Structure formats: structure tokens, C-alpha cells
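Please read all numbers here as calculations on a predicted model, not as lab measurements. Proteins come first, then strands; the chains are lettered A, B, ... in the order of their sequence lines, and each starts at number 1.
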Protein chains: 2
Amino acid sequence: MTDTGKREVTRSDVAKHARVSTAVVSYVVNNGPRPVAKATRERVLASMETLGYRPNAAARALRLQRATAVGLVVPDVSNTYFGALAQAVSNRAFDAGYALLLGDSDNDIDREAAQIDSLVGRQVDGLIVVSLDPSTTMAVGRTPTVYLDRRAAADQAVILPDNYGGAQMAVEHLLQHGRKRIGHLAGPEGGPGADERLKGWEDTVRSAGQTEALSFVERAEFTRNGGYEAGRRLLKNPDRAPDALFVSSDVQALGLLRAAREANVRVPEDLAVISFDGTEDAAYSDPPLSAIEQPIEEIAAAALAAVLADPFIPVHERVGVSLVTRASCGCHSYA
Amino acid sequence: MTDTGKREVTRSDVAKHARVSTAVVSYVVNNGPRPVAKATRERVLASMETLGYRPNAAARALRLQRATAVGLVVPDVSNTYFGALAQAVSNRAFDAGYALLLGDSDNDIDREAAQIDSLVGRQVDGLIVVSLDPSTTMAVGRTPTVYLDRRAAADQAVILPDNYGGAQMAVEHLLQHGRKRIGHLAGPEGGPGADERLKGWEDTVRSAGQTEALSFVERAEFTRNGGYEAGRRLLKNPDRAPDALFVSSDVQALGLLRAAREANVRVPEDLAVISFDGTEDAAYSDPPLSAIEQPIEEIAAAALAAVLADPFIPVHERVGVSLVTRASCGCHSYA
DNA sequence: CTGTTAGCGCTTTCAA
DNA sequence: TTGAAAGCGCTAACAG
């Protein structure tokens, strides 16, 4: 509380005030590695309180060679999915005593590289990255890093949702609804999860014998506007349009829904829709979106655990996804 | 690129390799404060490259007493508005050479205090906080801090949108549409912007003589579900319901829209709606939301500038907001 | 149980 | 134009 004066109060001020050595202050602050007599500890605690002592994280980081912080790099925090991911990571990291350094790559591959470089230089103890282009190998040096996209190298850690299985699940569900022309609004080539979802859709549609449907595919950025534009292209020709769509993200689906409204295409009557992600965006759209839901908390927990594990083990993990049905696929009527 | 071996490579490795002193390496890295002969500089640069040198940010922070990082604390990054704010701050900070430490307070006042404390201890050069409860005074010590909510103390820096004016604008616009019972879906008491927006609505409605409308007010959290629940309460009684609503955030409006759909209340025909924030959420809802738009980029820029100004000057700034009309107020038809 | 002290990697003053 | 060296605040090995 007390907080006046020129310099920040350091551990030696506290030591002087409590009439102990700086080592003891350190032992008290860190609860170890040596025990401290109860009376002494209390005196130190009291001094810390009166002086308004706050440990200097930079000094600690320098000494320990670790910042007690983790870095997270995402393409776009304002995307609800990445926002929710950032929130989950931030909260878990904080509870574990780590700070979160956030890097937004702004959907730019060079920026992504620069962000990673900056975070590594800041001695983060771990790095979680949703990369725009997995084929690029960033220099992360010795920093334990886990990717939440598709990586190639065997020594890289990866945690991924079951993109392929989720796509399959979505398409199969649409088939059960009797849809005959199931198209796909895909993510950008190489984009996180995009290609696996595309493959899952393609294989499933193909093995259902819907070869005609294979032409109903459009790529778009993971944005509302991307989904809107792609949706317009997909629905342009009323005589030759899909009767169902698997959309590779919630935000894109929001855009598609707008395109459908403008084109007087009714969802789900004329066009059944299932998206991927299953964030709150899906639950509150009109109609509410059936979606393949990613277990964000689980992903965040696994990523953090992997990256902070000692010794670091390059995990290669798949997390399950689930289909949550709402109105957009035709399962539930609403309003 | 080269990056093998036990220890990270330090400036003295580079110095040895380039056969110069560590001081010179420092001058090269920082472009000063002393000049370096061209030949020498190039030799150093080459050594840095071959050794894969990366400056240690912790050491630098310790020496300089500043981390070259800024902290941002928000109640909930997964809220599109805060997500967009985080993105804007992150990108601007990065461009200025600063890292962003993100703290999500998870709508919890104690957590907020803990996050602030942690960031201050990490020697951030500045702190931007969207506080849940402005009446609490956090110990930010000497760290330049700017609040994006309503603060009391004169020596605290504040940057705010024109909440009152925006509310007034929204209500006046609804009045122009001939609405007679303009209610308000408000934010939580003390919540960022909430009370000023409420006041702006109240005063404007009152001076329009709509005393009956003053009872159409419900408070809710800044979440979709909060807006949904409050919307249900507001629309519960068809015989005595508002014919227009000023909603204190986009996310709440998304919830309200769902409540309206479920209650068969048509927007804008039966209920005209204008929300506050004007994020992408507003543009892609059904119907698209007319909204009082906050200039997020401007706020981010001003906050960063204030906090990194030297010497720190406790700014007290209002930024203007603007009404963007879409379908929900009745201005534009769509689909 | 507690004190002394070296040293983490960096910047910058002072000297050459 | 370059080198030597002090010291930022902290931890932990070592000595008592």
C-alpha cells in the first residue's frame, strides 16, 4: 500500500527493515528452498507489507533463466474462437502463476514470425502458436512450443481437434437429414485445420456417392466477411446450388447466414448448415448453428501442460470434437 | 538460425566471436548511444547471425528498469469488443516494439486486482485497464496506468467513449422513428460505461416526456446470455412492453435478439433496437444492428500513447462515438 | 536456522 | 572509435 519515494523497494530494503539477510527474504518470498523460523518469517512478511514490497520479475527471470510467462500467438484475437482460446489460456496460466504474453499475427505470416521471435527473446517458458502456415519453420530455439495447427516435423509438439472426424460427423449428419448436395465453405489453404476439414468433407461426400456435390466448395478467410463472400458465390445460381453446407468455422457461418438471408435462401429448409468451432457465436445466431464443437478448455489445458512439462515432450495429441445440434441443420425448430 | 548447444548465446559470445568488447555489441544492437565503425558493425552483425544471437529481454529489463511491454486487463477477452480492443492494442504495441501482457479478469474483481498486481510486478511500462469496479483503487504504484472506464480520482488517467452522448444519440434516433416507449437494457452497476449510458438514456427519455418508458429497464452482465435473460424479462408482458430498446452492448443485443425471436417480437417492426459498441457482431446479426460505434483503434492508440508518454500525464479524454444505422432501428430494410 | 556472496546478461560511464 | 567494469534485483550454493 505505502508507495512513495524515488526507487522501487527491493529485497534489500526489506532485509534491512526486518533485520535479516536478503537470503531470508528470498526464502520467505519463495517458500523455500530453506526453512525460516516462524517468528522471522512473520517479521519479514510485516516488513514487506509496510514497505509495499513487490518482487522484481525481471531480476527473477534473469536469475532463473525463465520468465514465468507463456506466449500465445493467434491469427486474430477478435475472432471469437481465438478470443475464447486466449481467455482459457490466460486464466489457466494465471492460476499456475504464469503471465500471458499475447501476440496477434493479424493474419500475416511475417508478423507471425516476428511475434514468435519477440516472445522467444523474452524468455517465455513456453509458446503456444496457432500458425498461419505450418510449412514455415520458425526459429523457436530451445523454447518449448506447441502448435495448434498441422505441423510436419516429428519433433514438434502438436495438439489438434479431430478435424477430419468432425467434418465426417457433420457430413454424415447432413446425409441423415436426406441432403443430396452437401457443399463445403472451406478455410484458407494451409490455414489452421482448414485442409483436414476439407478432406473429411470430400471423402465422406465422395463415399456417399455425391460426386456432383464435390463442386460446391469455396475457400475463404476465417472471417465473417470471408464467409459472406464465399456464401454469395455458393448461392449465386439457384438452379445449381447445394442443399447443405459444412462450414469450416463459426465466423464464416455467420457471414454465410447473412448471404443466405439476402438471397432468400431459408436455413435450414433450403440449406442445412453445420459449422465448425461451436463458440457462443453459434448459439446466438439466427438460426442457431448446429456445430462441431471444439473442447477449448481441454485444448488450452493440454497445450499449457505440454509446454510447461519438464522435460518437454513433443506431444502429438488429438482431442475429440462433438456435434451439437441446433436449428440450422434441421434438427430443432425454434422461435 | 544456428541454434544448438547448452546455453543460449549471450552478448559476450558475440563479442568474443567478433573480437570486440561487449560494449560494442551493445552499441550495435541498440544503434547507440555511441557510434560504431562501419566495418566493426558489420563484423558484429555477422557474428550475431552465425551464432544465432538473441538479446535477453530479462537482462535488458533489469538493467533498464523497464520491460518494454505493456499490460492490458479486460473483463473478458472472448467478448468481441474486448477482443477487438486487445487486437488493436497488441498490434500497435508490437509495432512500437512493445510486447503485450494480457490479463483476463474473468469478470471477477479480486482476479482483476491480482492481475494488475502481477503486471505491475513485471515492470510493464504501462498498464491499460478496463476495470469492473472503478471505485476500487488498485495499487499500481508508479506504473503509468490508464483506465478505460469511469474513475474518480483526479490524478488517474482516463480515456472514455462518449457514453452519455452516445446513449442520447441512440434515444433521439429512436424518437425520430416515432417510438413511444423506449426502454433500456443496461449493463451491470458500476460496469464499464454502464452507468453513463443508463443516465444518458434516462435523461433523454425523461425530457421527451416518456415517463412511462422509465420502467422499461433491466440490468444484465455484458454477455449474450445476460442480454437474453434481460430481454425475456423486458418482453415478458406483451401488453406492457417497450416498442424500442437501447442496449448497452452488442453482445447483450445478440441475446436480446434471440429473446425477441422466441417471443415472436419482430425487430424492428415491433421493437426497434440500437446497441452500443458497433463491433462486427452488430453487422452480422439478424437483423443487422444499428449501433453506437466506438472508435476502437482510436481508443487503443490514445491509451497506448498516454501510458507510454514521458513524463506520464494523467489524460482525461473523451472520444467521440457515432451512430451507424442498419436494419434494427427501422432505417434500412434488408434481405 | 541464517548470513555472505557470486553471478544471471545487459547498458553505460569512464578511460584510453 | 573502442574497452573495462560496475551494478540492476534476485537466487542459491556455501559457510557458519
Side-chain angles (χ1 to χ4, degrees), chain A residues 5-45 47-48 51-69 97 120-123 125 141-142, chain B residues 5-45 47-48 51-69 97 120-123 125 141-142:
Chain A
K6 212 79 188 160
R7 237 178 62 272
E8 287 289 343
V9 7
T10 75
R11 116 221 136 223
S12 83
D13 297 322
V14 176
K16 204 166 297 165
H17 188 272
R19 273 113 66 58
V20 295
S21 76
T22 60
V24 171
V25 178
S26 188
Y27 301 152
V28 170
V29 171
N30 304 321
N31 274 311
R34 313 264 46 166
V36 176
K38 194 163 177 223
T40 317
R41 134 172 275 106
E42 261 150 28
R43 196 145 36 86
V44 172
L45 255 14
S47 296
M48 287 179 16
L51 298 181
Y53 172 67
R54 203 179 251 137
N56 182 317
R60 184 165 213 276
L62 175 59
R63 177 66 227 232
L64 259 28
Q65 302 284 33
R66 40 183 246 104
T68 325
V120 170
R122 283 165 192 275
Q123 283 68 51
D125 301 289
R142 241 174 306 294
Chain B
K6 213 78 189 161
R7 236 178 64 270
E8 287 289 342
V9 8
T10 75
R11 112 223 126 225
S12 83
D13 297 322
V14 175
K16 204 165 298 167
H17 188 272
R19 273 112 69 56
V20 295
S21 75
T22 61
V24 172
V25 179
S26 189
Y27 301 151
V28 171
V29 171
N30 305 321
N31 273 310
R34 315 262 46 164
V36 175
K38 195 165 178 223
T40 316
R41 131 174 280 105
E42 262 151 27
R43 197 146 35 87
V44 171
L45 254 13
S47 296
M48 286 178 17
L51 298 181
Y53 173 67
R54 202 179 252 136
N56 182 315
R60 183 163 214 275
L62 175 59
R63 176 65 228 235
L64 259 28
Q65 302 284 35
R66 40 184 246 103
T68 325
V120 170
R122 282 164 191 277
Q123 282 70 51
D125 301 289
R142 241 174 307 294

Under 4.0 Å from OP1 or OP2 of C/dG9: is there any side-chain N or O of A/Q65 that close? yes
Report yes if a side-chain nitrogen or oxygen of B/N56 is closer than 4.0 Å to either non-bridging phosphate oxygen (OP1 or OP2) of C/dC8; otherwise report no. no
Listed partners of A/R66 passing salt bridge (Lys or Arg N to Asp or Glu O under 4.0 Å), at least two apart: A/D125
With a 4.5 Å limit on heavy-atom distance, are the side chains of A/R60 and A/V29 in contact? no
All N/O pairs under 3.5 Å across the protein-nucleotides 14-16 of chain D interface:
none

Does the side chain of B/H17 come within less than 4.5 Å of B/V25's, by heavy atoms? no
Base, sugar-phosphate alone, or nothing: which one does B/A23 contact when heavy atoms must sit under 4.0 Å apart? base
May I ask you to test the A/N56-A/T10 pair for a side-chain heavy-atom distance under 4.5 Å? no
Could you check if a side-chain atom of A/V44 sits within less than 4.5 angstrom of a side-chain atom of A/Y27, using non-hydrogen atoms only? no
What does A/V20 touch in the nucleic acid at a heavy-atom separation under 4.0 angstrom: a base, only the sugar-phosphate, or nothing? sugar-phosphate
Would you indicate which nucleotide in D/dG9, D/dT2, D/dT11 comes nearest to any side-chain atom of A/T10? D/dG9
Are B/T40 and D/dT2 close enough that a side-chain N or O sits under 4.0 Å from OP1 or OP2? yes
DNA chain D: 5'-proximal contact among B/L62 and B/S21 (nearest heavy atom): B/S21
Hey, does the side chain of A/R63 come within less than 4.0 Å of D/dG9's phosphate (OP1/OP2), counting only N and O? no
Checking contacts here: which listed nucleotide (C/dG9, D/dA12, C/dT2) is nearest the side-chain heavy atoms of A/V36? C/dT2
